[in-house]
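Below is one structure, written out as structure tokens; comments come after it.
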Amino acid sequence: MAEAPSTLNPAQMEAVNHLSSPCLVLAGAGSGKTRVITQKIARLLQAGLHPAHIGAITFTNKAAQEMRERAKALVGAKASKHLVISTFHSLGVRLLREDGERLGLKPKFSILDSDDVLGVMREAGGTTDPKIARGWQWTISLWKNNGLTPEQAEAAAKTPDEVVAARVMRLYQERLTAYQAVDFDDLISLPLTLLQRDEETRLKWQKQLRHVLVDEYQDTNATQYELLKALVGADGVFTAVGDDDQSIYGWRGATIDNLKRLPLDYPNLKVIPLEQNYRSTGAILAAANNVIALNPKIFQKKLWSEFGEGEPVRVVECDNEEHEAERAVARIQGIRANATGAHAGATDWKDFAILYRANHQSRKLEEALRKAQIPYKVSGGQSFFDRAEIKDLCAWLRLLVNQDDDPAFLRAITTPKRGIGHTTLAALGEFSGKWKVSLFEALFQASLGTVMSKKAIGSLHEFGRYVNDLEYRARHTVGAEAARPMLLEWLTDIGYEKHLHEGEESEKLATARWGNVIDFIDWIARRCGGEIDNDGADAQGTQGETEKKSVLDVAQTISVILSLAERSEDQDMVTLSTLHASKGLEWPHVVLVGVNEGTLPFRREEEEMTADRLEEERRLMYVGITRARRTLLVSTLLRQKRGREVRKAIPSRFIAEMKLDERTAKEDPRERLKALRAEFAAKAAQAKPAR
DNA sequence: CACAATAATATTTTT
DNA sequence: TATTATTGTG
């Protein structure tokens, strides 16, 4: 967030002090909404509310963590510790852990991530084609987010695909209950059914959370809306903070209907727009306002700032993507070079972002940045640890560390396949649910014999014994030298390499995956220490003889290391990001690339654009523009590669919609000359090391 | 019928 | 660029 003044402006003040009825804060981009939320928390405490009775709900863990930190800074560690600051999903987890038994869910139910879900879908629908399964996963998730039961989905299904998906949905749900597992969507929908069905629980939670604040309210879906409603009760008080102009997640179930419905469902709703922007210059805000003005409005809102006009927003037309990337790089270098003198050192690499519509657009940009030796990071890219094969192995390690980790158990016992099918697992799940023990614990219970075949019990016991044995070995294998063979032995034991080759169509891909596995093994072994560590990329930069650790020790810290590895934010790098991933962030200098018809208002061939779609794309453009604090460069292509042929490309209508000509957007010829020079210099620089 | 070469086609993502 | 669908050939 940009530096906000120490006092609140009148609108913010009103939002903070309005405690008597539900409150909707329409927080424009950069209007200090997080500040309003944290200040309001402080205000509620001052009004005598106990911290444990205040809930702040966000969408991402990152946002929740940031909110907690800011609240802590404001109200102190003691009070902030009791505040309920969490995501919708973790609140759902908490609700279900405490009261899920009323729905027949054991307190230690497992939460499946989307990979796990895909596996269950494949089994339930009897397919090996991941594409089909992904399709099911997608539609079923949307149905669940709209509060549909499998029966309702079956009734609503229109196309043949949907009919199949609805049938899979029922099988899928049955399987989840049998496994005592829930997916992410269930974390919202199950608490909702619970609250709707069980008055005692509803009253308990309504009493527990006396004031709920919801961040990014425009991103809520139908189920989340209902959950919020059930949570606050008919005459409850809450604060929703959001911006209809930044609603860009319609495609995953978020609806701005939730904003429209709010005044109807709560007649005494107080609507407070936050229109003063503390982030961008006048030129940037004007462009943003001009674009978004063309969308039909629910609530009127127009951003303004006290920062003055600033640099005009610039538009460049490029011949092709390579050219565009070069110009983006030249632009960055140009601004950096200009920042000497009065602002010497004031411009770091991290002050720049290049934003685009779709991930694949980052390629040419990465190339150009590498050539120019500019450090960069790509946000939202697939992490090494997100790969299926790494997650498989992590599941095993998690199971070694904590045998009660049921999702890990499910993943480990089914990868590789070891003759334990879903019937056995369902029975085991049912058993563990009944006796309130983990799946692993249930495995050794003698009374299992009553519900299962001898053969199944045999395989289960074999698995259990193997896990115990492996745990013992992991505990006693110390140092990298010993760790490597031990880990390889483990992979041989479970036949993982074979599993990879069988499960993968192409041999090449399987080999690549196996390569990842070896890297991972090596990575763990190195962390067991005891050898000369020359890994310069190591976060700690440790060198020389390291302390020896057991494999189990390393496994224990793996989750910590994972989250640490992602925290490379404080490094001085240019950011490459999709527009979606850029929401909520800001940079002094932003370059928006590939602003073309078909890309930025995204349109698939032979598919007409509905008004809804266009409006969401326009909001995306708006989000992109409002990320910039001081300068904004919008670039568009004149030619675009489509497959093998090069076609002419049409600049996006959004460029005209910014109405830059009203503000002398013509590129300064001196700037153009400078850019050309930088381009030339970059070309010369890359030509030299190449030969 | 199996396999290989060629053509076509590509969003956005958190929990 | 990479993956997938289609067509052609042995």
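The figures that follow rest on heavy atoms only: side chains count, while hydrogens, waters and symmetry mates do not. Chain A is the first sequence line, chain B the second, and so forth, proteins listed ahead of strands; every chain is numbered from 1.
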For this session: Classify the side-chain pair A:R639/A:N320 by whether it contains a donor and acceptor separated by less than 3.5 Å.
Result: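 A:R639 vs A:N320: no donor-acceptor pair found between side chains.
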Return the value, rounded to whole Å, for the distance between atom [atom1] of [X] and atom [atom2] of [N].
X: A:K641; N: C:dT1; atom1: NZ; atom2: P; answer: 8 Å
X: A:L118; N: B:dT15; atom1: CG; atom2: P; answer: 19 Å
X: A:D115; N: B:dT15; atom1: CG; atom2: P; answer: 15 Å
X: A:E367; N: C:dT1; atom1: CD; atom2: C1'; answer: 10 Å
X: A:R647; N: B:dA8; atom1: CZ; atom2: C1'; answer: 12 Å
X: A:K364; N: C:dA2; atom1: NZ; atom2: C1'; answer: 13 Å
X: A:Q361; N: B:dT9; atom1: CD; atom2: P; answer: 19 Å
X: A:L620; N: B:dT11; atom1: CG; atom2: P; answer: 15 Å

Side chain of [X] only, please: which of [options] is the nearest?
X: A:W251; options: C:dA2, B:dT12, B:dT15; result: B:dT12
X: A:T87; options: B:dT15, B:dT12, C:dA2; result: B:dT15
X: A:R357; options: B:dT12, C:dA2, B:dT15; result: B:dT12
X: A:H580; options: C:dA2, B:dT12, B:dT15; result: B:dT12
X: A:R604; options: C:dA2, B:dA10, B:dT12; result: B:dA10

Exercise. Counting only side-chain N and O atoms of A:T578, is one of them less than 4.0 Å from OP1 or OP2 of B:dT13?
Worked result: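 Indeed, a polar side-chain atom of A:T578 lies that close.
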Exercise. OP1, OP2 of B:dT13 versus side-chain N and O of A:N359: anything below 4.0 Å?
Worked result: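 Answer is yes, contact under 4.0 Å.
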For this session: Assign the ring pair A:Y249 / A:H580 to parallel, tilted or perpendicular, where the plane angle (0 to 90°) is split at 30° and 60°.
Result: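 The rings of A:Y249 and A:H580 sit tilted, inter-plane angle from 30° to 60°.
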Exercise. So, A:E616 and A:R619, do they make that salt bridge, N to O below 4.0 Å?
Worked result: yes
Exercise. Base, sugar-phosphate, or nothing for A:F602, non-hydrogen atoms under 4.0 angstrom?
Worked result: base
For this session: Using a 4.0 Å heavy-atom cut-off across all strands, classify A:D185 as base, sugar-phosphate, or nothing.
Result: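 No contact.
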Exercise. Which residue, A:R653, A:K648, A:R647, forms the salt bridge (charged side-chain N to carboxylate O under 4.0 Å, His left out) with A:E597?
Worked result: A:R653
Exercise. For A:F109, is the NZ or CZ atom of A:R97 found under 6.0 angstrom from the centre of its six-membered ring and inside 45 degrees of the ring axis?
Worked result: yes
Seminar exercise, completed: Applying the 3.5 Å cut-off to both distances, the Watson-Crick or G-U partner of B:dT11 turns out to be none
